[in-house]
Amino acid sequence: MPELPEVETVRRGLAAAMVGARFTRVDQRRPDLRFPFPKNFAARLKGRRVEGLRRRAKYLLADLDSADVLVMHLGMSGSFRIEGETDAKTPGAFHHARSKDPAHDHVAFHLSNGKSIIYNDPRRFGFMQIIARDKLGKHPLFRNVGVEPLGAEFDGAQLARLFAGRTAPLKTALSDQRLIAGLGNIYVCEALHRAGLSPRRPAGSLARKNGTPSPRAERLARAIREVLEEAVAAGGSSLRDYRQTNGDLGYFQHKFRVYDRAGEACTRPGCGGRVKRIVQSGRATFFCGTCQR
DNA sequence: AAGCGAACCTGGCTGC
DNA sequence: TGCAGCCAGGTTCGCT
């Protein structure tokens, strides 16, 4: 489900509810998600205060006062919701008009501020870990994670450098979390369309022979930054009932230009092409074969 | 080394 | 209505 904009949206929602609060009780309702929970998961969290909530790639990182970090990944279908809020501007009547199946509520974090944070994940591709803060960068989960596409250093030159010599198609290279961290199937397709580049183009073709970035590399880096920023501003994309932590839908899905729009007319002015669906590395790719070269 | 397909798991949708 | 088959926003593993 969630790519960088959705995880960032969740981070903002959760931060408002949990930073500064302590875990009074943690209910872990099954032994594993994608991986087993760490030993004594609930006990290690109980009594700890959340000092901050960060995002790295598609991971949420809750910094605890124990010098540990609670690491959370939402997989394909994970989501959080916040209960126990007595906020006048979010009356409960519409709060979760379509409530989640409680059978898939796997973890409940009860907080000292009276709120509870519930993790729901039907497919259980998500997972949680507790890692010592000073070991985070060397941990196998993070050791090989690529650059942040919203980071200050991300530009066409860095992109061309990362992709230099690669024969894999752009679609595959952009999806590789070891190179760039946070893009997924939707935003890869959207960024390539905005940049006018074919998902089948070899990734290495973004660099000139002398190693300097081509205008294509600059266009793609700009498109990536732009689509991610717009999506974060829109609260992410809501597919299949995905919601923000406050129950609101994101609305970036209405701005998709190619994703899940096979057969529709290309929206680029004057293009006149049609959106196609192909499969690359086992995943659907949506693009316009007319204006994306 | 790099790239590709399969696997993990459940639910929703399509078509017979 | 029922059921088989396919598809889904991610990641990892094992095989070329």
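These numbers were taken from a predicted model, which means no experiment stands behind them. Hydrogens, waters and symmetry mates play no part in the numbers below; they use all other heavy atoms, side chains included. Order of the sequence lines sets the chain letters (A, B, ...), proteins ahead of strands, with each chain counted from 1.
If you check C:dG9 for Watson-Crick or wobble pairing at under 3.5 angstrom, you find it has no partner at all. The partner of B:dC9 is absent, by the rule that a Watson-Crick or G-U pair needs both atom distances under 3.5 Å.
Atom CZ of A:Phe142 is separated from atom P of C:dT11 by 11 Å (rounded to the nearest Å). Straight-line distance from the CG atom of A:Leu74 to the C1' atom of C:dT11: 13 Å, rounded to whole Å. If you measure from atom CG of A:Leu174 to atom C1' of C:dT11, you get 17 Å, rounded to the nearest angstrom. Regarding A:Lys58, its NZ atom lies at a distance of 10 Å from the P atom of C:dG9, rounded to whole Å. Remark: P of B:dA7 and CZ of A:Phe125 are 12 Å apart, rounded to the nearest angstrom. Computed from coordinates, the A:Met128 CE to C:dG10 C1' distance equals 16 Å when rounded to whole Å. At whole-Å resolution of the value, CD in A:Gln253 and P in C:dA8 are 17 Å apart. Rounded to an integer number of Å, the gap from CD of A:Gln129 to C1' of C:dT11 is 14 Å.
Side-chain nitrogen and oxygen atoms of A:Gln177 include at least one within less than 4.0 Å of the OP1 or OP2 phosphate oxygen of C:dT11. A sub-4.0 Å separation between OP1 or OP2 of B:dC9 and a side-chain N or O of A:His104 is absent. In terms of phosphate contacts, A:Arg124 brings no side-chain nitrogen or oxygen within less than 4.0 Å of OP1 or OP2 of B:dC8. When the side-chain nitrogen and oxygen atoms of A:His73 are compared with OP1 and OP2 of C:dG10, none of them lie within a distance under 4.0 Å. Contact annotation: A:Tyr187 does not reach the phosphate of C:dG9 (side-chain N/O to OP1 or OP2, under 4.0 Å). Look at A:Ser281 and you'll find a side-chain N or O under 4.0 angstrom from OP1 or OP2 of B:dC4.
Out of B:dG3, C:dG9, C:dT12, the shortest distance to the side chain of A:Glu3 is found at C:dG9.
The residue A:Arg283 sits close to a base: some heavy atom pair falls under 4.0 Å. Among the heavy atoms of the strands lying under 4.0 Å from A:Arg277 are primed sugar atoms or P, OP1, OP2 only; no base atom is included.
Side chains of A:Ser77 and A:Asp121: a donor on one and an acceptor on the other come within 3.5 Å. For A:Thr285 and A:Gln280, the side-chain atoms include at least one donor-acceptor pair closer than 3.5 Å. No side-chain donor-acceptor contact under 3.5 Å links A:His110 and A:Thr24. No hydrogens or angles considered: nothing links the side chains of A:Tyr119 and A:Gln28 as a donor-acceptor pair under 3.5 Å.
Comparing A:Pro122 and A:Thr172 by the nucleotide of DNA chain B whose heavy atom lies nearest to each, the residue mapping closer to the 5' end is A:Thr172. Between A:Arg123 and A:Ser175, the residue anchored nearer the 5' end of DNA chain C, judged by the nucleotide with its closest heavy atom, is A:Arg123.
A ring-centre distance under 6.0 Å is found for A:Tyr59 and A:Phe142.
Put simply, the side chain of A:Gln292 never gets that close to the backbone of A:Ser198: no donor and acceptor are under 3.5 Å apart.
When the P atom is compared between B:dG5 and C:dC7, the two are found 14 Å apart, to the nearest whole Å. Taking atom P in both C:dG5 and B:dA7, one finds a spacing of 16 Å when rounded to whole Å. Of the P atoms belonging to C:dG14 and B:dC9, the separation is 16 Å, rounded to the nearest Å.
For A:Arg34 against C:dT12, a side-chain-to-base donor-acceptor contact under 3.5 Å is absent.
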